[in-house]
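Reading through the structure tokens given below for one structure.
All values derive from a computational prediction rather than experimental measurement. Letters go in sequence order (proteins before strands), and every chain restarts at 1.
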Amino acid sequence: MNRELQFNIFRYNPQDPNSVPHMQKFSLNETENMTLFIALNRLREEQDPSLIFDFCCRAGICGACAMVINGRPGLACQTKTKEMHPEITLLPLPVYKLVGDLSVDTGVWFREMYSKVESWVHTSTVFDPAAEEERMDNSVAEQVYELERCIECGCCVAACGTARLRDDFLGAASLNRIARFVVDPRDQRSDKEYFEVIGNDNGIFGCMGLLACEDVCPKQLPLQNQLGFLRRKMGITAIKSIF
Amino acid sequence: MQTYYSDLLVIGAGLAGERIAVESADAGFDVIVLSIVPARRSHSSAAQGGMQAALGNSAMGEGDNPDVHFADTVKGSDWGCDQEVARMFADTAPIEMRRLAHWGVPWNRVVPGKSFYFKGGEKFEKVEKEEKAGLITARSFGGTAKWRTCYTSDGTGHAVMCTMDNRCAQLGIDVRDRKEAISLIHDGETCFGAIVRCLRTGKLEVYLSKATAVCTGGFGRIYKATTNAVICDGGGHIIAHDTGVVPVGNPEAIQFHPTGIVPTDILVTEGCRGDGGTLLDVNEERFMQIYEPDKAELASRDVVSRWMTHHMRQGKGVKSAYGEHLWLDIRHLGDQHISTKLREVDEICHYFLGVDPRTQLIPVRPTQHYTMAGIRTNKDGAVYGLKGLYAAGEVACWDMHGFNRLGGNSLAETVVAGGIIGAKVAEYLKGCETVFKTELVKQALNKQEERIADLISGKNGKEDVYSVRGELQDALMEGCFVFRNGKDLEACVTKLQGVLERSKHVGLRSNGIGANHELAAALKVHGQVKLGMCIAKAALERTESRGSHTREDYPERNDQDWLNRTLAYWPEGADMPDLKYEDASPVFELPPGDRGYGGGKIIPADPEMVKSKTITK
Ligand SMILES: Cc1cc2nc3c(=O)[nH]c(=O)nc-3n(C[C@H](O)[C@H](O)[C@H](O)COP(=O)(O)OP(=O)(O)OC[C@H]3O[C@@H](n4cnc5c(N)ncnc54)[C@H](O)[C@@H]3O)c2cc1C
Ligand code: SF4
Ligand code: SF4
Ligand code: FES
């Protein structure tokens, strides 16, 4: 059972003037129920403490550990080594700025996205602490929650051809974010206002519809449906605005 | 070297930190929030189950109100909490839940009509009222008299964290990730901000502020088996405690959750038991009803963890390569329920165990989960010992949890405390003028630069940081876990003395340049061992059993001698904490009594004292 795993890991520390980008080989004895989280931590603690990578929850819920695993963006913490070939290649996600080795700066990217899509409920109602909460249909609440499950891992953007070519492309995660507010009855923005943000090549019209985003999303968010939904809705808005 | 100024510096961008930031920014103050990871990756977003607030909308929550919530919280705490704080909390929680709804949280809502639920493996029926349709609904959680846990499917923490972070973005609050505070700037009386290491470049930065709030979450990672994220490593506790003037409150109060999965210690939510899941032993038989006929699986966490450990000690555990465990059974809840309400659990089982919970059992055992222990504050959230310093959330000992916090009460605490303390901070800032002494800042910075240089050069030795940390973790698992006793605790303290010495001689193996993790670990390992020592020493001194602190050699809850809170100070240069004590609560709205579960004898407090402190509301 005990396999010897071969790791091929991208190394580059941009802060170190002596560092040059290269691939480095490591080997490690596989143990039962091993995940890439366990493996990478062992490599760092036992073999090379300079190795840079990110983990946080180690349970597939925070999105910190996304990387390119054997050519495909995914979450390292929920990747079991026993389901893989013993030779494992790890690269940092493209599109985002490199922090070092396998770690990239998704934080800044997403924070910029929040301001681009104004990622909050737009409402003119004022909160009244003495009043009963505004009622909402449970099925609507569940629909909103469905779209809010994105953990901002960045896999969908890293897998997206358009995003790789054009850094002003909003990406599936952002479009999904917009959809979340479109279905939320508390948000009073009109379709026309949404259209101004996404009704162009940086938004819904830049998407080539090849589905790579949805394929890699570890939360299985229905990204294509959302794109389709927005496109239809925005198409109608565009036609309306002509007349 | 960069210096940044703000009215308020918030260290930690979880729910507590961001809620404080929002409250202060709303009052017109300039706020900077720092976090090791992007805010939404904070541990708050890992909470699945929900948050407690006595809204009383659901059928099973009917008749609930803040008084009942208050009583549950005090009982849960085993009378170790500050009752004034518990009262403020219970009263404010419903308002905060509604406020969150207004800001965008998609709470699950009441659906009128008939539906089923499970309790102790049995199926029951309930009917939700038509007139409550669309109001925030609730589910059941351990230790509560009514269903009062508000939730969004099984991603409550995630949904609330998203909303709170959106609110920060909307208010234009400056939230900076990959920034780690490594020491406070203070003169022994007032706090002026923090020295921060940038986790992109490795460079040090200075943050100066009139007020500072530490909201860095728990420190589960000093235990080997914990449900906590890898960043819950005590960074905030350490920088406060290191000042020498700030005490850690109740360090011995550490919560163990009944259902960490084996072997990875990832939590499966209490919602599983709340929704009717059962615990089974090696013979696949239920056992909790033997020990707790009334509440069974739904007794509070400390109680369930103890009985599980006890049952395994009776030879009823399941043997595995990773030690003994028990089973959690949710098969009877059915596909529909599991794939909607317990989807995260389903995913965790799938990804980390290769188990399908519809047809298979989940291996579980008690695991470190929550730190009631924390930076001691008063009821305004102001930290003992330093002016201008506040703390909130899991990092703080505010102290509404006493010796055991109830499920759903900590996520609720983050926003309730964040709101209340944020308003107190704003009040403090209103009248606040300050002078930043450049010499003081320079000294604080030099000290950290020197520490880093010494670690890189190996000036103090070549001890390996990961091995020192490992030894700390093992010592706590052996001496300070679910059951404690004098002999093991003494051994633990002795062992930790050795580890403390080793921690002074850590040196890096790598070059420490840039976003280097070994350096980050090395900078805090000494402080972590000190925290471990506080737990062990305080647990050794406390010769009684209360909440999560269980002494096999002192099984009674001793209100006569121990109705108090430990304050662990660590004076500069000392090699042992200095333990002091204060009354658990300034007043009793609910005089000390029986919790109603968990059994155990009580040595009563002096009735005169109780009478003199009892108030009516
Ligand atoms: C798996 C799990 C499930 C849970 N489920 C529930 C539940 O259902 N209901 C419930 O009530 N409670 C639950 N809890 C407990 C609850 O989630 C936490 O107590 C609560 O979220 C803590 O929030 P916080 O804001 O205090 O800290 P956190 O959310 O932990 O945030 C801490 C912040 O501090 C930052 N930080 C840490 N150190 C530093 C430093 N040195 N410098 C700068 N920044 C720093 C981090 O980056 C982070 O942003 C759960 C806990 C766990 C572990
Ligand atoms: S479907 Fe659109 S958004 Fe998704 S990967 Fe392809 S181009 Fe990108
Ligand atoms: S949409 Fe999916 S893949 Fe994209 S960031 Fe969110 S969780 Fe990750
Ligand atoms: S570490 Fe959180 S998703 Fe992998």
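- Surrounding NZ of A:Lys25 are at most 12 heavy atoms belonging to other residues, nucleotides or ligands under 6.0 Å away.
- Annotation: maximal heavy-atom pairing with chain B below 4.5 Å, among A:Gly100, A:Ser50, A:Cys56, occurs at A:Cys56.
- At least one side-chain heavy atom of B:His102 sits less than 4.5 Å from a side-chain heavy atom of A:Thr125.
- In this structure, chain A has no heavy atom under 4.5 Å from any part of B:His43.
- A distance of 12.0 Å separates CZ in B:Arg40 from OG1 in A:Thr106, rounded to the nearest 0.5 Å.
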Practice task
Take A:Glu133 and B:Arg109 through the salt bridge (charged side-chain N to carboxylate O under 4.0 Å, His left out) test and state the conclusion after the steps.
Solution key: CA-CA 11 Å; A:Glu133 63 269 24; B:Arg109 306 294 179 133; 5.0 Å; no
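- Nearest heavy atom pair, residue A:Arg186 against residue B:Ala101, reads NH1-O, 2.7 Å.
- Residues A:Glu148 and B:Val105 are not in side-chain contact: their nearest non-hydrogen atoms beyond the backbone lie 4.5 Å or more apart.
- Counting heavy-atom pairs closer than 4.5 Å to chain B, the top residue among A:Ala64, A:Ser19, A:Pro129, A:Cys57 is A:Ala64.
- At least one side-chain heavy atom of A:Phe37 sits under 4.5 Å from a side-chain heavy atom of B:Val230.
- Sparse packing is recorded around CD of A:Glu134, with 12 or fewer heavy atoms of other residues, nucleotides or ligands lying under 6.0 Å away.
- Taking both residues in full, the closest heavy atoms of B:Ala39 and A:Arg111 are given as CB-NH2, 3.8 Å, listed atom of the first, atom of the second, then distance.
- In this structure, B:Glu131 places its CD atom where more than 12 heavy-atom neighbours from other residues, nucleotides or ligands lie under 6.0 Å away.
- Counting heavy atoms from C-beta outward, B:Glu518 and A:Arg44 have side chains that stay 4.5 Å or more apart.
- Comparing A:Glu142, A:Arg149, A:Lys80, A:His122 by heavy-atom pairs within less than 4.5 Å of chain B, the highest count is held by A:Arg149.
- Of all heavy-atom pairs between A:Gly107 and B:Asp177, the closest is CA-OD2, 3.2 Å.
- For B:Glu347, the part sitting under 4.5 Å from any heavy atom of chain A is the side chain, from C-beta outward, and nothing else.
- No other option in A:Cys150, A:Ser139, A:Pro14, A:Ala130 has as many heavy-atom pairs under 4.5 Å with chain B as A:Cys150.
- We find the SG-OH distance between A:Cys77 and B:Tyr351 to be 10.0 Å, quoted to the nearest 0.5 Å.
- Minimum heavy-atom separation, A:Arg58 to B:Thr226: NH2-O, 2.8 Å.
- Here B:Arg343 pairs with A:Glu146 in a salt bridge; the nearest charged N to carboxylate O distance falls below 4.0 Å.
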Practice task
In sequence, state the C-alpha distance, the side-chain angles, and the governing distance for A:Phe181 and B:Asn166, and then conclude on side-chain contact (heavy atoms from CB on, under 4.5 Å).
Solution key: CA-CA 12 Å; A:Phe181 289 103; B:Asn166 284 341; 3.8 Å; yes
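- Between chain B and the options A:Gly63, A:Gly60, A:Ser103, heavy-atom pairs under 4.5 Å are most frequent for A:Gly63.
- Here the side chains of A:Asp54 and B:Arg178 are in contact, with some heavy-atom distance below 4.5 Å.
- Here OG of A:Ser119 is found 10.0 Å from CD of B:Gln170. Values are rounded to the nearest 0.5 Å.
- Heavy atoms closer than 4.5 Å to chain A are found in the backbone of B:Leu199, but not in its side chain.
- With hydrogens and angles ignored, the 3.5 Å screen pairs a side-chain donor or acceptor of A:Arg135 with a backbone N or O of B:Ala133.
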